[in-house]
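The structure under discussion appears below in the form of structure tokens.
Here the structure is a predicted model, which is why all the values come from computation and not from measurement. Atoms considered below: every heavy atom in the structure, side chains included; atoms not considered: hydrogens, waters and symmetry mates.
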Amino acid sequence: QVQLVESGGGLVQAGGSLRLSCTASGGTFSAYAMGWFRQAPGKEREFVTTISQGGSTTYYADSVKGRFTISRANAKNTMYLQMNSLKPEDAAVYYCAARPRNLIGDYRTGYEYWGQGTQVTVSS
């Protein structure tokens, strides 16, 4: 029903910054809580952060707190992930995901629509 497309990935040196974007089409963007997940080579996909339908509530994995900021612009059908102070361990394919329920209960689950992913590489 909804298609998600990420952009903004690339190569950055440790300590640098990147801003990822996720644009939605084919659905009502404001009806979804949105999240970011990542998967490093040989590792399982892990939760990074999520934001509620209206953008008033956010949650972050402990590993990115204080460095990453999630936001959304519902009028543009877009959400963002600002990544600062990047570390080599942040290198992964980053996926945006849509949750057709607001952030009630376990906010790490229930994401039903996924983007294709965008590669983030962090060099030391």
Side-chain angles (χ1 to χ4, degrees):
Q1 291 184 350
V2 62
Q3 292 79 47
L4 306 173
V5 179
E6 303 96 334
S7 63
L11 189 153
V12 64
Q13 290 190 332
S17 299
L18 282 174
R19 190 192 195 200
L20 306 183
S21 298
C22 175
T23 300
S25 61
T28 303
F29 183 67
S30 61
Y32 300 94
M34 299 293 296
W36 289 96
F37 293 74
R38 67 188 183 186
Q39 186 169 22
K43 303 292 182 65
E44 295 183 351
R45 184 176 298 184
E46 66 174 340
F47 168 82
V48 177
T49 181
T50 189
I51 188 167
S52 61
Q53 293 169 340
S56 61
T57 303
T58 59
Y59 298 98
Y60 296 90
D62 288 343
S63 59
V64 306
K65 285 182 179 177
R67 300 188 299 119
F68 290 11
T69 303
I70 189 172
S71 62
R72 67 191 296 163
N74 284 349
K76 297 181 179 180
N77 291 345
T78 302
M79 74 160 177
Y80 307 94
L81 181 64
Q82 178 66 48
M83 304 184 294
N84 298 327
S85 301
L86 282 162
K87 304 175 181 180
E89 51 263 44
D90 294 320
V93 176
Y94 282 71
Y95 298 89
C96 67
R99 188 180 197 261
R101 296 173 295 278
N102 213 354
L103 298 181
I104 300 174
D106 187 353
Y107 57 82
R108 295 172 178 256
T109 65
Y111 299 85
E112 298 183 1
Y113 304 98
W114 298 81
Q116 82 290 347
T118 186
Q119 177 71 54
V120 173
T121 303
V122 184
S123 64
S124 60

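- If you look at F68 and W36, their ring centroids are not closer than 6.0 Å.
- The cationic atom of R72 (NZ for Lys, CZ for Arg) does not lie both less than 6.0 Å from the six-membered ring centre of Y80 and within 45° of the ring axis.
- No path of Ile, Leu, Val, Met, Phe, Trp and Tyr side chains, each step under 4.5 Å between heavy atoms, connects W114 with F29, placing them in separate hydrophobic clusters.
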Mind running side chain to side chain contact (heavy atoms under 4.5 Å, CB included) on L20 and T118 for me, showing each step along the way?
-> CA-CA 8 Å; L20 306 183; T118 186; 4.1 Å; yes
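- Nearest heavy atom pair, residue T109 against residue R99, reads O-NE, 2.6 Å.
- Q39 places no side-chain N or O within donor-acceptor distance of the main-chain N or O of A92, the cut-off being under 3.5 Å.
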Would you please test Q3 and Q116 for side chain to side chain contact (heavy atoms under 4.5 Å, CB included) and show each step?
-> CA-CA 10 Å; Q3 292 79 47; Q116 82 290 347; over 6 Å; no
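- Side-chain contact between R67 and Q82 is absent, with no heavy atoms from C-beta onward closer than 4.5 Å.
- Between I70 and M34 the shortest heavy-atom distance is CD1-O, 4.1 Å.
- Side-chain contact between V120 and M83: present, with at least one pair of heavy atoms (C-beta onward) separated by less than 4.5 Å.
- Atoms CG and OG1, from L4 and T23 in turn, are 9.0 Å apart once rounded to the nearest 0.5 Å.
- At distances below 3.5 Å, at least one donor-acceptor pair connects side-chain atoms of D106 with backbone N or O atoms of R108.
- The aromatic ring centroids of F37 and Y111 lie less than 6.0 Å from each other.
- Between V93 and G117, the shortest heavy-atom distance links the atoms CG1-CA, 3.8 Å.
- A donor-acceptor pair is defined here as one N or O able to donate and one able to accept, closer than 3.5 Å; such a pair exists between the side chain of N102 and the backbone of Q53.
- Under the 3.5 Å distance criterion, the side-chain polar atoms of S63 are left unmatched by any main-chain donor or acceptor of A61.
- Considering all non-hydrogen atoms of both residues, P100 and G110 come closest at CD-O, 3.5 Å.
- Inspection of the S17 and N84 side chains reveals an N or O donor paired with an N or O acceptor under 3.5 Å.
- Below 30°, between 30° and 60°, or above 60°: for Y107 and Y59 the angle between ring planes is below 30°, a parallel geometry.
- Remark: side-chain polar atoms of T121 are not paired, donor with acceptor, to backbone N or O of L11 under 3.5 angstrom.
- Under a hydrophobic clustering in which Ile, Leu, Val, Met, Phe, Trp and Tyr are joined whenever their side-chain heavy atoms come within less than 4.5 Å, directly or via other members, Y60 and Y94 fall into the same cluster.
- Considering all non-hydrogen atoms of both residues, R38 and D90 come closest at NH1-OD1, 2.9 Å.
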Steps toward side chain to side chain contact (heavy atoms under 4.5 Å, CB included) verdict (L18, L86) | CA-CA 8 Å; L18 282 174; L86 282 162; 4.2 Å; yes
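- Counting non-hydrogen atoms of other residues, nucleotides and ligands closer than 6.0 Å to CD of Q13 gives a total of 12 or fewer.
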R101 vs E112, salt bridge (Lys or Arg N to Asp or Glu O under 4.0 Å): CA-CA, chis, key distance, verdict = CA-CA 10 Å; R101 296 173 295 278; E112 298 183 1; 3.6 Å; yes
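- Contact detail for L103 and T57: the closest heavy-atom pair is CD1-O, 4.1 Å.
- At least one side-chain heavy atom of C96 sits less than 4.5 Å from a side-chain heavy atom of M79.
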